[in-house]
Structures are given as C-alpha cells and as structure tokens.
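Below: one structure, written as structure tokens.
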Amino acid sequence: FGSSRIKLKLYFPALYRVPVEAMGGGNSKVTLNANVESSTEPGQKCITSAAFDEFASPEEFFDALIAWYKDVKSPIDGSAPKGLQIINAVPDKEFTTVATWDGDACRKASYIYTIPNVPKSGDYITKVRVVYDRASLTATDINSAGSAEEQTHLLTATGRVLKNPARFEWFSKDKD
C-alpha cells in the first residue's frame with residue numbers, strides 16, 4: 001500500500017471495460033504514468049492518466065470511479081470478499097465500504113503478498129471511507145484494515161478528474 005509499491009489496477013466501465021494499469025503493462029487504451037508532478041497540488045507527486053476524452057467524458061469517468069469504489073475486489077486475484085457492506089452513506093457526498101475477507105486465506109497470502117495489518121486470528125476487514133464532490137470531480141478515500149475489533153489507518157488517497165483534456169490524477173499519503 002506504500003506509494004512506492006503501488007501496482008494500481010483499476011477497472012473503469014466508462015473506458016470500454018478496459019483494465020487500466022499503472023507501473024505495469026496490459027492492453028489499456030489509456031496509459032497511466034507514475035511519479036508525475038501534480039497539476040493541482042504543488043509539490044505533490046501523483047499518478048496521472050493520458051487524455052481519455054475519446055473514451056468517456058470527465059463526468060462519466062467520475063461516475064465509474066464512484067461505482068468502482070463500491071465494487072470491492074481483491075487486488076491479488078480480483079475475487080469478491082465474503083461479505084460487503086456499504087454503511088454511513090450520505091447521498092452524493094460519502095459512503096464507507098466494509099469488506100470481510102477470509103482471515104485464514106489472507107494470512108496464507110500474506111506470506112507471498114504485502115497485505116497490511118492481517119490479524120493473527122479471525123477475519124480480515126478492510127474499510128474505505130469515500131468522500132466525494134461531483135462538482136469538482138474529486139474523491140478522497142481513507143483506507144484502514146485489520147480485525148473487526150481493531151483497524152489501522154493505511155493511507156488517504158485523492159483522485160481528481162481533470163477537464164480539457166479529460167485526465168485522471170491520483171495521489172496518496174501513507175500512514176506515516
């Protein structure tokens with residue numbers, strides 16, 4: 001989850017259901033570039049997309065991004081969690097996803113993959129609070145993980161859809 005280790009794989013239906021990968025290959029129609037100076041946050045490095053005007057409007061992309069946040073999948077294999085709740089929803093402003101993952105499977109996978117704060121017993125729970133503003137096409141997600149009883153903050157990330165040309169800019173602040 002550290003910004004230097006991110007392999008971001010996003011799935012945006014507005015882009016003809018083409019997987020978009022940063023710091024990877026793939027057959028994406030829209031490329032992402034890492035470690036770019038933010039055009040909206042001075043001094044901040046970010047991941048930014050090439051222009052995607054020919055595939056979706058900024059508003060269509062933003063709507064797909066919000067839908068993507070609600071469709072929680074494993075970053076390892078794309079599988080769905082064993083349980084998913086959307087809580088604390090305030091229409092057109094924010095919501096929180098609470099995903100429950102098989103704790104034993106996560107503990108085993110953590111020997112191969114970096115999975116933060118996997119509990120020693122019980123299920124692995126991830127929470128993502130998403131606060132968004134459609135007028136500015138901005139979404140901030142606050143990520144935590146751990147057990148049902150104890151969550152650890154992992155990172156706070158902000159994604160912005162820019163216009164003229166339509167582009168996506170994403171940056172995170174690690175927990176430290």
Side-chain angles (χ1 to χ4, degrees), residues 1-81 84-99 101 113 126-145 154-174:
F1 280 103
S3 55
S4 63
R5 292 177 288 166
I6 262 181
K7 173 148 171 57
L8 189 66
K9 185 171 184 179
L10 304 178
Y11 188 72
F12 294 106
L15 298 179
Y16 297 114
R17 298 194 178 277
V18 175
V20 180
E21 292 186 26
M23 294 181 265
N27 58 358
S28 302
K29 295 193 184 290
V30 178
T31 60
L32 296 177
N33 299 297
N35 208 25
V36 176
E37 286 291 327
S38 170
S39 63
T40 60
E41 296 283 328
Q44 179 71 48
K45 296 287 187 178
C46 66
I47 295 172
T48 188
S49 75
F52 58 81
D53 300 273
E54 66 183 286
F55 305 111
S57 72
E59 292 78 15
E60 289 171 325
F61 185 93
F62 186 77
D63 291 343
L65 177 65
I66 298 304
W68 175 79
Y69 280 120
K70 293 178 180 179
D71 186 29
V72 177
K73 301 286 187 224
S74 166
I76 295 170
D77 64 6
S79 63
L84 177 63
Q85 295 178 297
I86 297 177
I87 62 170
N88 302 331
V90 178
D92 298 321
K93 291 192 188 260
E94 71 179 83
F95 59 88
T96 300
T97 61
V98 181
W101 306 91
Y113 302 100
T126 58
K127 292 184 181 180
V128 179
R129 179 177 175 224
V130 179
V131 179
Y132 62 100
D133 177 42
R134 196 166 197 291
S136 64
L137 301 177
T138 301
T140 297
D141 53 285
I142 301 98
N143 298 261
S144 62
L154 301 175
L155 66 89
T156 299
T158 299
R160 239 181 230 112
V161 182
L162 308 172
K163 298 181 178 184
N164 302 317
R167 294 171 291 127
F168 182 62
E169 183 175 284
W170 183 90
F171 59 89
S172 72
K173 295 186 177 170
D174 290 340

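In this text, all values refer to a predicted model and were calculated from it rather than measured experimentally.
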Lys45 NZ/CZ over Phe171 ring centroid, <6.0 Å and within 45° of normal: no

Give a yes or no answer on whether the side chain of Thr48 reaches the backbone of Phe168 with a donor-acceptor pair at less than 3.5 Å. yes

Check: Arg134 and Glu59 side chains under 4.5 Å, non-hydrogen atoms: yes

How many angstroms lie between CG in Leu155 and CD1 in Ile142, if you round to the nearest 0.5 Å? 10.0 Å

Show, in sequence, the C-alpha distance, side-chain angles and deciding distance for Asp141 and Tyr69, and conclude whether the side chain to side chain contact (heavy atoms under 4.5 Å, CB included) test is met. CA-CA 9 Å; Asp141 53 285; Tyr69 280 120; 2.8 Å; yes

With a cut-off of 6.0 Å (strictly less than), are more than 12 heavy atoms of other residues, nucleotides or ligands near CD of Gln85? no

Take Val130 and Val128 through the test side chain to side chain contact (heavy atoms under 4.5 Å, CB included) and record every step on the way to the result. CA-CA 6 Å; Val130 179; Val128 179; 3.8 Å; yes

So which heavy atom on Val161 is nearest to which on Phe61, and how close? CG2-CD2, 3.6 Å

So Asp53 and Arg167, do their side chains get closer than 4.5 Å, heavy atoms only? no

Check this for me: Asp92, atom CG, are more than 12 non-hydrogen atoms of other residues, nucleotides or ligands nearer than 6.0 Å? no

Pairwise distance CZ(Arg129) to OG(Ser144) - rounded to 0.5 angstrom: 11.0 Å

Distance-only donor-acceptor check, side chains Thr126 and Trp101, under 3.5 Å: yes

Counting N and O atoms only, with roles assigned by atom type, does the side chain of Thr138 sit under 3.5 Å from a partner on the main chain of Ser136, one being a donor and the other an acceptor? yes

Considering only NZ, NE, NH1 and NH2 on the basic side and carboxylate oxygens on the acidic side, decide whether Lys93 and Asp133 come within less than 4.0 Å. no

Taken to the nearest 0.5 Å, the spacing of Ser57 OG from Leu137 CG works out to 9.0 Å

Can you find a side-chain donor-acceptor pair between Glu169 and Ser38 that sits under 3.5 Å? yes

Closest heavy-atom contact between Ala50 and Val30? O-CG1, 3.6 Å

Please determine which of Leu84, Ile86, Val98 meets the side-chain contact (heavy atoms from CB on, under 4.5 Å) test together with Val72. Leu84

Please give me the minimum heavy-atom distance between Thr97 and Lys70, naming the atom from each residue. CG2-CA, 4.2 Å

